[in-house]
*Asks:* 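Attaching a single structure in structure tokens format; questions to follow.
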Amino acid sequence: MELIAHMLATIETIVFLHIIMRVSMHKNKSRLSVAWVILICADIYYTYASDRMLGLVLGNICGNTLGVVLLLDEDISDGIIKKIFAAVYVRFLHIPIAFLLFVLKKASGLAIEENVEKTIWATIGILIICFAGRLMEKKILLTSYIKQISKEYYCISAVFGLAVGFIFYYIKEVCKDVDTKIQWLLWLVILIIGIFVYLFGFGFAVAMLRGRLYKSESEAKDKYLRLSKSYYEELSDNIKEVRRMKHDMNAHINAIGSFVMSENMESAKKYFAEIKTHYDMRKLKIIDVGNIFVSAILTEEWQHLDESENIIIDCEGTLPEKLQVSDFVLCTIFSNLVANSIEACKMLKSSKRVIKIRLKEYDNNLAVIFENPVEWEVDADNLGMHTSKSDAGNHGYGLYNVRNVVEHCNGEIHAEVTEDKFKISIFIPGKPDF
């Protein structure tokens with residue numbers, strides 16, 4: 001029974017990590033198999049070790065942590081911190097369960113073995129976690145917040161939780177040697193501590209996330225002002241440049257035409273090259289989609305491209321000047337997607353470097369499609385699920401933030417690879433305009 005209790009506690013921690021903390025499991029089957037073997041061996045050693053302290057250290061702490069970290073699709077340091085946090089916080093689920101068992105034992109006079117109690121704790125804990133996970137599936141905003149929680153929060157909360165956990169087990173041991181009234185008082189203290197820890201942890205997480213979101217939104221607004229100013233300045237310069245070119249264009253056309261008519265192609269080419277060096281051709285590269293902020297983002301990225309890279313941005317569609325989607329969301333989506341597409345095009349060996357952008361707004365709904373060529377395998381199903389830069393063609397970089405803001409807006413994001421094209425589609429529903 002002790003081994004079963006330990007194994008259920010391990011499963012409870014893993015379920016908490018995956019369902020509540022939204023940590024992805026690793027996709028490598030061999031690694032998962034090794035992880036489960038290590039976890040089983042660690043629990044067996046912890047249960048049957050002759051030296052209980054050695055079994056605790058090598059089995060329950062080192063072996064169990066190693067096995068859980070191998071299961072997770074996380075960096076080693078992040079995996080260890082999140083595992084410790086899960087192992088600590090999942091124990092607080094046991095406090096009300098243990099209290100109910102205490103009441104049951106006192107009311108009925110039943111004597112329940114300690115390992116049986118632990119088995120009941122873990123079993124009920126797993127059921128509670130699964131039920132909470134089902135409820136969380138409908139709360140897209142909540143799951144988006146959880147995915148953004150930093151490891152610093154997990155680290156601080158784990159240390160605080162460990163301290164409270166020691167208090168819980170200490171009081172539980174003290175309860176065995178005192179009278180009933182004192183036992184009730186001590187259990188009341190445990191319950192208050194458990195509730196306080198959960199409320200403190202939740203409040204701390206919300207405060208940190210709101211702070212990060214406020215900082216991100218402030219940065220987005222700063223970028224909006226900078227881009228808007230830059231866009232209007234560029235637009236003014238472009239108009240002046242076009243006027244200069246238009247003033248002299250007839251003369252230039254006549255000059256090139258005379259060279260062509262006399263079949264002096266070398267002079268025509270030389271004259272055309274002089275025109276390109278005399279005028280700033282980059283001033284003619286402007287993308288106008290109707291919305292100033294989106295136009296500024298796309299124009300800035302395009303104008304900073306080197307002509308030798310031969311990257312073309314083919315943008316179709318228009319957006320209204322005022323969108324229900326915030327500037328922060330627009331900035332996150334367009335700046336990341338266009339940067340990823342450009343980075344991918346730079347890696348192409350072929351000269352077909354065309355980025356297609358399609359935009360549509362209807363009934364307050366926003367639809368965005370980005371498409372660019374690829375010459376490598378892309379795992380479209382897992383893009384944007386983590387912040388690793390190891391994804392093929394760097395497509396995964398930045399998509400994590402894009403996916404978060406899209407889900408935050410109750411939208412949908414879909415990535416697919418067809419033949420030699422990578423396409424990502426985004427749909428964000430708008431609020432009804434009554």
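Only a predicted model underlies this, so the values are computations on that prediction, with no experimental measurement involved.
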*Asks:* Quick check: closest heavy atoms across G59 and A42, and the distance to 0.1 Å?
*Replies:*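 Where G59 meets A42 most closely, the heavy atoms are O-CB, 3.3 Å.
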*Asks:* Mind checking whether I129 and E12 have side chains closer than 4.5 Å, heavy atoms only?
*Replies:*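 Yes; the side chains approach each other to less than 4.5 Å.
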*Asks:* Going through the checks in order, is the side chain to side chain contact (heavy atoms under 4.5 Å, CB included) test met by V289 and I357?
*Replies:* CA-CA 11 Å; V289 298; I357 304 173; over 6 Å; no
*Asks:* To the closest 0.5 Å, what do you measure between CD1 (I14) and CE (M25)?
*Replies:*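 Rounded to the nearest 0.5 Å, the CD1-CE separation comes to 7.0 Å.
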*Asks:* Considering only NZ, NE, NH1 and NH2 on the basic side and carboxylate oxygens on the acidic side, decide whether K83 and D78 come within less than 4.0 Å.
*Replies:*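 Answer for the salt bridge query: no.
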*Asks:* Looking at side-chain heavy atoms only, is the closest gap between I426 and L337 below 4.5 Å?
*Replies:*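 I426 reaches L337 side chain to side chain.
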*Asks:* I'd like to check the side-chain contact (heavy atoms from CB on, under 4.5 Å) partners of A86; sequence neighbours left out, ordered by chain and number.
*Replies:*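 With neighbours one apart ignored, the set is T13, F16, L17, M21.
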*Asks:* If you round to the nearest 0.5 Å, how far is CG of L71 from OG of S33?
*Replies:*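 Separation between the atoms: 10.0 Å.
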*Asks:* Any chance you could measure I81, atom CD1, to I76, atom CD1, to the nearest 0.5 Å?
*Replies:*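 Going from CD1 on I81 over to CD1 on I76, the span is 12.0 Å.
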*Asks:* Could you note down all residue pairs passing ring pair (Phe, Tyr, Trp, His ring centres under 6.0 Å) where residues 333-370 supplies at least one of them, sequence neighbours left out?
*Replies:*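 Sorted result for residues 333-370: empty, none.
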*Asks:* Walk me through whether I355 and C345 qualify under side chain to side chain contact (heavy atoms under 4.5 Å, CB included).
*Replies:* CA-CA 8 Å; I355 300 170; C345 284; 3.6 Å; yes
*Asks:* Rounded at 0.5 Å granularity, tell me how far NZ in K356 sits from CD in E316.
*Replies:*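 Between atom NZ of K356 and atom CD of E316 there are 8.5 Å.
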*Asks:* Does a side-chain heavy-atom distance below 4.5 Å link V23 with K82?
*Replies:*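 Yes, their side chains come closer than 4.5 Å.
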*Asks:* What's the spacing between Y45 OH and L58 CG if we round to 0.5 Å?
*Replies:*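 It comes to 5.0 Å.
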*Asks:* Nearest heavy-atom pair of L319 and E361: which atoms, and what distance?
*Replies:*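 It is CD2-CB, 4.0 Å.
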*Asks:* Taking the side chain as every heavy atom from C-beta outward, state whether M7 and I40 have any pair of such atoms under 4.5 Å apart.
*Replies:*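 Counting from C-beta outward, M7 and I40 do come under 4.5 Å.
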*Asks:* Starting at CG of N372, measure out to CG of D314 and round the result to the nearest 0.5 Å.
*Replies:*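 Rounded to the nearest 0.5 Å, the CG-CG separation comes to 12.5 Å.
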*Asks:* For H414, check side-chain contact (heavy atoms from CB on, under 4.5 Å) against everything at least two apart and list the hits.
*Replies:*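 Expected list: E416.
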*Asks:* Would you list the pairs meeting ring pair (Phe, Tyr, Trp, His ring centres under 6.0 Å) in which at least one residue belongs to residues 18-42, sequence neighbours left out?
*Replies:*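 For residues 18-42, and leaving out neighbouring residues, there are no ring pair (Phe, Tyr, Trp, His ring centres under 6.0 Å) pairs at all.
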*Asks:* Between P373 and K421, what is the shortest heavy-atom contact and its length?
*Replies:*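 Looking at all heavy atoms of both residues, the closest pair is CG-NZ, 4.1 Å.
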*Asks:* Just wondering, more than 12 heavy atoms not from L54 lying within 6.0 Å of its CG?
*Replies:*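 Correct, the count exceeds 12.
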*Asks:* Do N28 and L32 have side chains that get closer than 4.5 Å, going by heavy atoms?
*Replies:*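 In short, these two side chains do not touch, never coming nearer than 4.5 Å.
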*Asks:* Taking it one step at a time, do I80 and V68 satisfy side chain to side chain contact (heavy atoms under 4.5 Å, CB included)?
*Replies:* CA-CA 8 Å; I80 292 174; V68 172; over 6 Å; no
*Asks:* Distance-only, no hydrogens or angles: does the R358 side chain make a donor-acceptor pair with backbone N or O of G317 under 3.5 Å?
*Replies:*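 Such a contact is absent between R358 side chain and G317 backbone.
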*Asks:* Are the side chain of D75 and the backbone of S77 linked by a donor-acceptor contact shorter than 3.5 Å?
*Replies:*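 No.
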*Asks:* Can you check whether E412 reaches V406 side chain to side chain, under 4.5 Å on heavy atoms?
*Replies:*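 Side-chain contact under 4.5 Å: no.
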*Asks:* If the condition is side-chain contact (heavy atoms from CB on, under 4.5 Å), which residues does L8 pass it with, not counting sequence neighbours?
*Replies:*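 For L8, the residues satisfying side-chain contact (heavy atoms from CB on, under 4.5 Å) (neighbours in sequence not counted) are I4, T119, A122, T123, I126.
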*Asks:* The test is side chain to side chain contact (heavy atoms under 4.5 Å, CB included); show your working for L3 and Y48 and say whether it passes.
*Replies:* CA-CA 9 Å; L3 177 60; Y48 298 108; 4.3 Å; yes
*Asks:* Is there a donor-acceptor pair closer than 3.5 Å between any side-chain N or O of T299 and the backbone N or O of I287?
*Replies:*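 Checking the backbone N and O of I287 against the side chain of T299, a donor-acceptor pair under 3.5 Å is found.
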*Asks:* Within the 4.5 Å heavy-atom criterion, are F427 and L366 side-chain neighbours or not?
*Replies:*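 A side-chain contact is absent here, since even the closest heavy-atom pair is not under 4.5 Å.
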*Asks:* Show the nearest heavy-atom pair for residues I428 and C409, with the distance to one decimal.
*Replies:*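 Closest approach of I428 to C409, heavy atoms only: CG2-CB, 3.7 Å.
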*Asks:* Could you pull out the closest heavy-atom pair between V15 and C130, with the gap in Å?
*Replies:*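 So the two residues come closest at CG1-SG, 4.2 Å.
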*Asks:* Residues in side-chain contact (heavy atoms from CB on, under 4.5 Å) with S425, at least two apart?
*Replies:*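 So S425 forms a side-chain contact (heavy atoms from CB on, under 4.5 Å) with I369, K423.
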*Asks:* Does the side chain of I424 come within less than 4.5 Å of V368's, by heavy atoms?
*Replies:*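 They are not in side-chain contact.
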*Asks:* Of all heavy-atom pairs between L39 and N64, which one has the smallest distance, and what is that distance?
*Replies:*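 Residues L39 and N64, closest heavy atoms: CD2-O, 3.4 Å.
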